[in-house]
S.K.: 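Provided herewith is a single structure, encoded as structure tokens, for subsequent inquiry.
Heavy atoms only: backbone and side chains are in, while hydrogens, waters and symmetry mates are out.
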Amino acid sequence: MHFLDQAKIFVRSGAGGPGAVSFRREKFIEYGGPDGGNGGKGGDIIFEAVAGLNTLIDFRYTQHFRAPRGHGGSGSNRTGAGGDDLVIKVPIGTQIMDEAREEVLLDFTHAGQREVFLRGGDGGRGNATYKTSTNRAPRQHGTGWPYQEAWLWLRLKLLADAGLVGLPNAGKSTFINAVTNAQAKVGAYAFTTTRPQLGVVRHHQREFVVADIPGLIEGAAEGAGIGDRFLGHIERCKVLLHLVDANDEDVGESYRIVRDELENYGGGLIDKPVVVALNKIDTLDDELIAALLAELEEASGEEVIAISGAAGTGTDWALDRLLEAIGPDAATVAADDEGEDAIEWSPV
């Protein structure tokens with residue numbers, strides 16, 4: 001299964017069909033006349049957000065989308081058949097951008113959202129519509145309106161309520177595995193997470209979505225490590241959970257590195273509410289934990305939570321703080337609905 005969050009595609013609506021040039025000829029009818037029908041309308045290009053899609057991988061193999069053109073008109077004032085609309089299904093959270101990637105043209109934020117992007121050309125007029133009192137046998141007809149076409153960029157921004165940030169090996173994957181049924185890869189080396197991971201948290205009969213993204217290192221905005229391209233997936237989050245590894249030599253510096261990269265990226269990430277947590281405290285004694293908490297609180301200016309994703313220590317406290325920041329937007333679930341569900345990645 002591959003994760004793809006950007007894709008470039010070409011789209012073209014259908015051209016209108018030509019009008020017909022035809023004349024009525026019937027037995028025992030002395031005078032005929034023009035009876036050419038109009039051409040059919042070309043198909044529209046329509047984008048639709050659907051549930052169950054969480055990647056743009058399908059657009060790696062199909063990049064060109066062309067709607068059929070309208071059919072030509074015919075005699076007896078028969079209008080040509082219109083071309084079928086072409087519906088392009090995209091994941092929820094997809095943005096449609098211009099070729100230069102400077103302007104967002106469409107933004108799909110909920111399932112079932114359906115937008116006409118390019119309208120098909122109208123059909124041309126048949127010669128029957130040109131008939132006048134002075135021009136009773138017109139032979140002109142319309143050729144149909146032309147198609148519209150464009151190169152576009154699709155960019156996927158995952159829809160999550162809370163986002164996890166931190167340096168590589170800060171314990172983000174362990175945390176999301178502990179509080180959801182997600183199965184993020186965990187390893188004793190940097191960048192075990194190479195693509196965003198979603199998980200659904202159920203806590204105090206409330207439900208919200210958490211997004212885990214690859215870790216940031218100093219210089220990520222300039223492409224160091226995996227870079228900062230995945231930060232777009234937490235732009236829509238209401239709150240960030242910033243995890244700092246208690247085993248780092250300088251926890252204050254670890255915090256500042258990530259905050260600097262968020263500021264360099266932009267997108268309003270630096271202004272989002274943040275919950276700061278000192279992770280992996282299960283490996284330290286109480287005195288050292290207290291000293292690190294004080295150091296991290298001084299660097300961040302925030303109240304810091306001491307947690308251990310591996311041992312489960314303090315995770316409920318962290319979830320309480322996230323729920324407070326998310327507010328009433330967190331969904332309510334039945335009291336007897338136990339367990340957490342992971343959102344599986346699937347292109348279809």
Side-chain angles (χ1 to χ4, degrees), residues 7-27 29 31-50 53 56 58-92 94-100 103-108 110-155 347-348:
K8 187 177 184 180
I9 65 171
F10 173 81
V11 292
R12 175 189 291 174
S13 62
V21 176
S22 176
F23 293 90
R24 176 185 175 194
R25 289 179 174 81
E26 296 183 41
K27 191 175 182 180
I29 296 179
Y31 300 104
D35 67 350
N38 298 332
K41 175 183 172 297
D44 297 337
I45 293 291
I46 300 174
F47 287 97
E48 181 180 6
V50 297
L53 292 178
L56 299 175
D58 288 346
F59 297 98
R60 171 172 290 180
Y61 308 108
T62 304
Q63 287 113 15
H64 293 80
F65 299 87
R66 297 180 177 89
R69 66 174 299 156
H71 293 264
S74 56
S76 301
N77 292 308
R78 287 177 293 186
T79 300
D84 294 334
D85 296 335
L86 180 58
V87 179
I88 303 174
K89 296 181 179 181
V90 296
I92 303 169
T94 300
Q95 292 181 331
I96 311 298
M97 308 183 70
D98 61 7
E99 186 176 7
E103 181 181 359
V104 177
L105 306 176
L106 293 174
D107 193 1
F108 294 88
H110 59 272
Q113 184 178 350
R114 189 181 176 102
E115 304 286 349
V116 177
F117 182 72
L118 295 181
R119 188 178 183 276
D122 291 328
R125 295 166 57 190
N127 69 331
T129 64
Y130 288 95
K131 179 182 178 182
T132 66
S133 60
T134 57
N135 183 15
R136 299 188 176 185
R139 294 185 177 274
Q140 67 264 42
H141 70 287
T143 57
W145 290 88
Y147 52 76
Q148 299 177 354
E149 63 182 19
W151 281 96
L152 305 171
W153 276 94
L154 307 183
R155 181 174 64 181
V348 293

S.K.: Restricting to side-chain contact (heavy atoms from CB on, under 4.5 Å), what partner residues turn up for Arg24, sequence neighbours left out?
M.R.: Glu26, Ile29, Asp35
S.K.: Among residues at least two apart in sequence or on other chains, which ones pass ring pair (Phe, Tyr, Trp, His ring centres under 6.0 Å) with His64?
M.R.: Phe10, Trp151
S.K.: Partners of Thr132 by side-chain contact (heavy atoms from CB on, under 4.5 Å), sequence neighbours excluded?
M.R.: Thr134, Asn135
S.K.: Check Arg66 with Glu149, please: is the shortest side-chain N to carboxylate O separation under 4.0 Å?
M.R.: no
S.K.: For a quick test of your reading: what N or O donor-acceptor pairs under 3.5 Å do the side chains of residues 75-86 make, sequence neighbours left out?
M.R.:
from: Arg78; atom 1: NE; to: Ser74; atom 2: OG; distance (Å): 3.4
from: Arg78; atom 1: NE; to: Gly75; atom 2: O; distance (Å): 2.9
from: Asp85; atom 1: OD1; to: Asp44; atom 2: N; distance (Å): 2.9

S.K.: Donor-acceptor pair, Asn127 side chain versus Pro34 backbone, under 3.5 Å?
M.R.: no
S.K.: How would you list, by chain and number, every residue that makes a ring pair (Phe, Tyr, Trp, His ring centres under 6.0 Å) with Phe23, sequence neighbours excluded?
M.R.: none
S.K.: Do Ile88 and Ile45 have side chains that get closer than 4.5 Å, going by heavy atoms?
M.R.: yes
S.K.: Would you check if Arg114 and Val87 make a side-chain contact, meaning some heavy-atom pair closer than 4.5 Å?
M.R.: yes
S.K.: Residues in ring pair (Phe, Tyr, Trp, His ring centres under 6.0 Å) with Tyr147, at least two apart?
M.R.: none
S.K.: So which pairs with a foot in residues 68-88 pass ring pair (Phe, Tyr, Trp, His ring centres under 6.0 Å), sequence neighbours left out?
M.R.: none
S.K.: Which residues pass the side-chain contact (heavy atoms from CB on, under 4.5 Å) test with Trp145, not counting sequence neighbours?
M.R.: Asp122
S.K.: Any side-chain heavy-atom pair from Arg69 and Pro18 closer than 4.5 angstrom?
M.R.: yes
S.K.: Residues two or more places apart in sequence or in another chain: which of them pass salt bridge (Lys or Arg N to Asp or Glu O under 4.0 Å) with Glu115?
M.R.: none
S.K.: Let me see the working for Leu105 and Leu152 under side chain to side chain contact (heavy atoms under 4.5 Å, CB included), right down to the final yes or no.
M.R.: CA-CA 9 Å; Leu105 306 176; Leu152 305 171; 4.0 Å; yes
S.K.: Is it the case that the side chain of Thr94 and the backbone of Phe108 share a donor-acceptor pair, with hydrogens and angles ignored and the cut-off at 3.5 Å?
M.R.: no
S.K.: List in chain and number order the residues that pass ring pair (Phe, Tyr, Trp, His ring centres under 6.0 Å) with Phe47, two or more places apart in sequence or in another chain; answer none if no residue qualifies.
M.R.: Phe117
S.K.: In chain order, what residues pass the salt bridge (Lys or Arg N to Asp or Glu O under 4.0 Å) check against Asp107, with sequence neighbours excluded?
M.R.: Arg236
S.K.: Mind checking what makes side-chain contact (heavy atoms from CB on, under 4.5 Å) contact with Arg125, not counting sequence neighbours?
M.R.: Asn38, Thr129, Tyr130
